[in-house]
Amino acid sequence: MILSYNDPATNAVCARVCRAWCDPVLNVLWGEVSDLTLLFRLLGPLWQADNGEYAGFSGYHTPGERDWDRFVRYGSRVRTLIYDTYKKSTTIRLELFDVFARTRPSLWMLPSLKELTWLTNDYSQLDATVLFMHERVRKLAFSIPVIPEGYVAVCLQKLNSFCEKVVARMPNITHLDVRVRGPPVSAQVFQPHILYLIRGLPRLEKIILPMYWVTAEVMNVASKLQNLGTLQFETVKGQGEGYRSDVECLAPTFSPGSFPALWDLSLNGLLSDCTNLLDSPHAPSNLTTIAVHSVVMETATAIQQFFECLARNCRGLQELYVVAVDPRSPLRRSEERITLQTLAPLFACAKLKTLELLHEYPMNMSQEDMEVVATKWPLLEQLKLCSEPFTQEKSTLTLRALLPFARHCPNLEFLGLYVDATAADLPLATPPPFQRLRRLSLGLSSLQEPGPVTIFLARLCPLGCRVESGATWAAGWQPEGWTEFGEKNEFTDGVNEWARRCEMWEEVDRMLPLLVKARLDDRYKMVEMTRKIEDLEARNSVFVGTRQIAKDYGCVVC
């Protein structure tokens, strides 16, 4: 544990201290290799071509027995291998892999390898992974490169060969992470290969796919895995994404005994389809974590029906993420809003620790409603309720809405609400502070005067708490993306107002740590002063008692 905090240079020095230190330090130093050239340099100096590729060994060096002995000493300690040509400016030519394969003294090059990550932009380099494949590997992450125009058949054949080798040489894989590079690509193009991997790896416990790749066909095949606990997609840019059309009709057919161990499920599609899926016979019944990203702008009625479905089928739910919007769809004009009645079915899930709900309109809830929410879920650790609406509509909540969660949710670490942060509604009495809050997200909340709001939050937030603002549904947008959004929805003035609000909340975030620290210093001084006063009062009572004893001239019987 101590060595894991050192940088590689420090650990290299520690390895030379004594024999007792050498092995533990080398295990840490070579446990994770993110630069494949470090392994190749153990066999000899490398020659780098002008185009940034490592083409082979310098001077046509051929690794000998002594070189391989040195390689085995360090290579046998490698547990995680990462090859990412997207982050590195240099790549390794296949000729060097061929030399590596021809001269190796044993079949297993890295016998302790448990995790293999292979991210490349060249289909030819997928074949090079065979050098590191063996049955002890448990986690595999790989990327599917962009198919050059006119080479579809050739690239798919190489991908098929790679999948066959994975199934044959690494049958004990428990974690499968598939990524796709470049622009969005339909899941139907690569789906046969993904299904082949899922069928051929019966010990899978976790599957991670690009966004919009968890299709009905994938769910039907994955439902037969006895150990599968997690089926999810990632929204990060490096994971890639497919076409929304592939999940617009999500209707898998489950058989008896489907998903016996599944507890974490992520879905793309319509909320109505997700509701029907969880209500269907033989649907997974042990879910504790659910994430749903809709492909349209959902109504409050559809959200309530989905929550009612969860109350019927997932009483043990602990984490729920619902993104009921799609920024690429045009905004709707509707008077329907999320109310306490919408959330009420979820009160049946008493173990809920995380709830994140994103909708295009602010909630229509009162201060009393927030009291009910806070008391119904005392175990909450993360809560985000429609803090980033797509309109400038005024919120019915004020900063007072934070108080119930400070009183009733002692474990809360993240809170996101959309409020009208006007100075006139700030309570004068000292509110009970949050105990563990680390992030307070006000999203696109309105704000007029940063000063009074910061003073109020300084009495409520602990030291180290950050105030966040902005729209997560627009994360990664360039300025032209905001311009396009405003023009498409005739909302240009609203976009400018959002920018002004975010600047003011950033000012609050800058001032808050200073005021919180000042409040803590004043509290410390008050405690010290109180302690001194109590000490003086105790001393004074003793002194007064002594004087009274001295004036008593009565007889003392011993």
Side-chain angles (χ1 to χ4, degrees), residues 264 287-293 298 300 303-304 306-307 310-311 314-325 337-389 395-421 431-445 456-457 460-462 464-473 505 509:
D264 184 354
L287 295 175
T288 60
T289 301
I290 298 178
V292 176
H293 283 235
E298 298 285 356
I303 296 174
Q304 182 175 343
F306 179 66
F307 288 166
L310 296 179
C314 305
R315 291 294 184 95
L317 195 64
Q318 297 182 14
E319 298 182 23
L320 177 61
Y321 308 86
V322 179
V323 179
V325 296
R337 299 292 183 270
I338 292 177
T339 63
L340 182 64
Q341 183 180 358
T342 309
L343 300 179
L346 275 183
F347 294 154
C349 304
K351 298 180 180 180
L352 200 65
K353 295 182 179 180
T354 299
L355 173 60
E356 293 191 11
L357 174 61
L358 183 59
H359 192 242
E360 60 179 314
Y361 288 110
M363 299 184 301
N364 184 16
M365 298 181 69
S366 64
Q367 182 68 22
E368 292 73 17
D369 294 336
M370 303 311 291
E371 290 278 354
V372 174
V373 172
T375 54
K376 290 292 185 179
W377 291 319
L379 301 179
L380 278 177
E381 297 177 1
Q382 299 185 47
L383 178 65
K384 183 177 182 180
L385 294 177
C386 306
S387 61
E388 307 159 6
S395 174
T396 58
L397 299 174
T398 65
L399 284 175
R400 290 178 180 268
L402 305 178
L403 303 182
F405 300 99
R407 284 194 294 265
H408 303 295
C409 304
N411 299 324
L412 198 64
E413 297 179 358
F414 170 68
L415 177 61
L417 292 176
Y418 180 73
V419 300
D420 179 19
F434 286 99
Q435 301 298 319
R436 300 183 179 180
L437 194 67
R438 291 293 174 264
R439 296 163 56 207
L440 177 62
S441 175
L442 282 309
L444 300 174
S445 300
F456 169 73
L457 293 180
L460 195 63
C461 299
C465 180
R466 297 296 306 272
V467 177
E468 300 176 353
S469 60
T472 56
W473 46 264
W505 282 118
D509 182 50

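Just so you know, these numbers use all the heavy atoms, side chains as well, and skip hydrogens, waters and symmetry mates.
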Assess the residue pair L346 and L320 against the criterion (side-chain contact (heavy atoms from CB on, under 4.5 Å)); give the C-alpha distance rounded to whole Å, side-chain angles, the decisive distance to 0.1 Å, and a yes or no. CA-CA 10 Å; L346 275 183; L320 177 61; 3.7 Å; yes
Note to self: The test is side-chain contact (heavy atoms from CB on, under 4.5 Å); show your working for L417 and M370 and say whether it passes.
What the structure shows: CA-CA 11 Å; L417 292 176; M370 303 311 291; 4.0 Å; yes
Does F307 form a side-chain contact (heavy atoms from CB on, under 4.5 Å) with L343? I'd like the steps, not just the answer. CA-CA 7 Å; F307 288 166; L343 300 179; 3.8 Å; yes
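Scored by the ring-ring contact (aromatic ring centres under 6.0 Å, His included) test, W377 finds F347 as partners (sequence neighbours excluded). Remark: R407 engages E371 in a salt bridge (charged side-chain N to carboxylate O under 4.0 Å, His left out) (not counting sequence neighbours). Residues satisfying the side chain to side chain donor-acceptor pair (under 3.5 Å) test with Q382, not counting sequence neighbours, are none. Applying the side chain to side chain donor-acceptor pair (under 3.5 Å) criterion to D369, with sequence neighbours excluded, gives S366. Taking H293 as the reference, F233 meet the ring-ring contact (aromatic ring centres under 6.0 Å, His included) condition, with sequence neighbours excluded. Checked against side chain to side chain contact (heavy atoms under 4.5 Å, CB included), A350 has no partners two or more places apart in sequence or in another chain.
Residues L460 and P432 approach most closely at CD1-O, 3.3 Å, considering heavy atoms. Here the closest heavy-atom approach between residue H408 and residue A374 is recorded as CB-O, 3.7 Å.
Within the 4.5 Å cutoff, the side chain of L352 has no heavy atoms near those of the L379 side chain. Using a 4.5 Å heavy-atom cutoff, the side chains of K384 and F414 are in contact.
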